[in-house]
Amino acid sequence: MMDRTRIPLSSRKQPLNPRVPHSVSVTRSNNNIVHPPARRIVRRSNSCSDLNFGATPVSRLNAQSTINLTTINKRPAFAKPNLKTVPSVKLGSKRVAVDPPAQAPTNTKVAKIPPYDYKARFNALLEKHKILQQTLLDKDAALSSTTDQLGDALNEFALLKKKSANLEDDLNRAIQAGAVNEARIRELENTQSLLRQDLLKLQDTNYAQQQLLELYEGRIQEHEHVRRIMHNQIQDLKGTIRVFCRVRPALFSEDSKQLCNIGFIDEDMLEIKKTNELNGSRINDACLQFVFDKVFQPEASQVDVFHELSQLIQSAMDGYHVCVFAYGQTGSGKTYTMQGGDGSSPGMIPQTVDFIFNLIAKYEKIGWRYTVEASFLEIYNESIRDLLKLQSKEHLDICFNEGKGITVRNLTINPVHSPQELHTLISRAIQNRAVASTNYNEHSSRSHVVTKISLTGVHLNTVHNGSLSLVDLAGSESAKTSERITETKNINKSLTALGSVMSALQNKENHVPYRNSKLTYLLQSSLGGNSKTLMFVNIAPFQECYGESVNALRFASKVKEVKLMSKKNKTVIRN
Ligand SMILES: Nc1ncnc2c1ncn2[C@@H]1O[C@H](COP(=O)(O)OP(=O)(O)OP(=O)(O)O)[C@@H](O)[C@H]1O
């Protein structure tokens, strides 16, 4: 028979522990007392006698007793007993051990009390009651401790549950974020795959373009080669020695001077007349006509003149030796033509520098690499002076070097990397020349100045060695008009030697007298068969200069007749 008994609240001194389950359902199978799984309130009591499970005192629970704590689903952390041998209670789905009821000592021999001895029986019963009460107290204490532990366990459980809920939230959020990330990753993977396909296409296109580029580069080099050949043929047709005549204007300061009668017939022809006075009337002397490659009138600008020269600079870049002279009497405009007047009218040398570096930049785009070197020297009275190292005591000698040709021992040769660097060197050389002389104007007309720019172009296994020698010659006036005989003799010697070399070349003589002067020996490589020569013959426009002008024009006409066949200085390096 089922018996449901509410556990009485024997003591209200202690507050209700909210964590302790409020009801306990007790099932006692052997006495047929079973409490249904209704919520029962268990209160802690001070006396063990107060703690009854329904109609059954706790002391009467035996090993088969079961306590259902329906709201407890977590077992406190007791030491784990053997639940098969000890009495246990069920906490939720778990079973926990409880102390077995105290057993009356079995070995104690109790004297049999006669049935009529009520007093003795009463005393024995009292004794038994005391023992049972004590047992109940012990059980009560144990139950109280267990309840506390259960409370703690419940607290811990609640805490863990909360943590678990939090973790579950976190997990859900992480799963959601993961889902988002996964979608993003898939998206990125798709994009990556598309990009990979594009890259492959681009690689194919790039390869095709590379092939095309190589083809075009080959064609560019072929065209460049053809261009060089044709340019050289044109230059040779124009003449390997060219002579330009330039007549300078009269300056404001020269207003009082009588002008010579110079007529410009054509762009390559001029005539010069000397006006003589006889018995007060003006009569014309002989009229002389000269034909050159080009005649520049006094109005011609420095740019006009350079335009004609630039073709030969291109030849130097292509691997030829080019030599440019300025020939003429003192004051005829040689230095003006070569160096320039002032900053606003740069001459051939400064313009050449800029032109060379522009060409180098252009050639670099099609694979050529150029190196530039420059040297500056002066020949005065047949001795050589380094214009970049005036203080040097070293003797400067002209010598022949196998492979290099004619060089000057101990001469400073400066590598140049920019036009600015070369302009600075030129200015230094001009300044040094002025410092070295007591009277610059006089000195400058009595010495030859040679500016040499060497150009080495390299492309793959082809090397072109070219050079430009720009020479501002000493004044060409004859000895009878000069007071400084030794200087004039030396100048005339070198200019005559220059004429003789040209003559020998013109007549294809076996022996060319290069060594007759320092000037011709020095310029041997630039005056030989594989070079191109340009001579400016500068003319002053005055009547008083007529004789010197005619001499200069005759000298230049003689030079003009020389024909040289040029051969490119091309070295092919084979790997
Ligand atoms: N084409 C020109 N236009 C304007 N001025 C010129 C021209 N040619 C020369 N001059 C001027 O004429 C003067 C003499 O020229 P320059 O000094 O160049 O002569 P030069 O032949 O070099 O003389 P030297 O042999 O003494 O060095 C200078 O003042 C120069 O500036």
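Bear in mind the structure is a predicted one, so any value in this text is a computation, not a measurement.
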Any sub-3.5 Å donor-acceptor pair from [X]'s side-chain atoms to [Y]'s backbone N or O?
X      : Y      : answer
Gln302 : Tyr336 : yes
Asp472 : Val449 : no
Ser145 : Ala141 : no
His231 : Gln311 : yes
Asp138 : Thr135 : no
Ser375 : Ile413 : no
Gln351 : His307 : no
Ser427 : His423 : yes
Asn414 : Ala374 : no

Looking only at side chains, do Asp318 and Gln314 share a donor and an acceptor under 3.5 Å apart?
yes

Please list, chain by chain and in numerical order, all residues satisfying salt bridge (Lys or Arg N to Asp or Glu O under 4.0 Å) with Lys389, sequence neighbours excluded.
Glu394

Could you check whether the rings of Trp368 and Tyr363 sit parallel, tilted or perpendicular, using 30° and 60° as the cut-offs?
perpendicular

Restricting to side chain to side chain contact (heavy atoms under 4.5 Å, CB included), what partner residues turn up for Glu187, sequence neighbours left out?
Arg184

Evaluate the side chain to side chain contact (heavy atoms under 4.5 Å, CB included) criterion for residues Phe376 and Arg428: first the C-alpha distance (whole Å), next the side-chain angles of each, then the deciding distance (0.1 Å), finally the verdict.
CA-CA 10 Å; Phe376 305 86; Arg428 227 171 84 196; over 6 Å; no

Closest heavy-atom contact between His459 and Gly367?
CD2-O, 3.1 Å

Give me the atom names and distance for the closest heavy-atom approach of Val322 to Leu312.
CG2-O, 3.3 Å

Derivation of the side chain to side chain contact (heavy atoms under 4.5 Å, CB included) call for Phe355 and Leu309:
CA-CA 11 Å; Phe355 189 78; Leu309 171 68; over 6 Å; no

Would you mind listing every side chain to side chain donor-acceptor pair (under 3.5 Å) that reaches into residues 197-219, with sequence neighbours excluded?
none

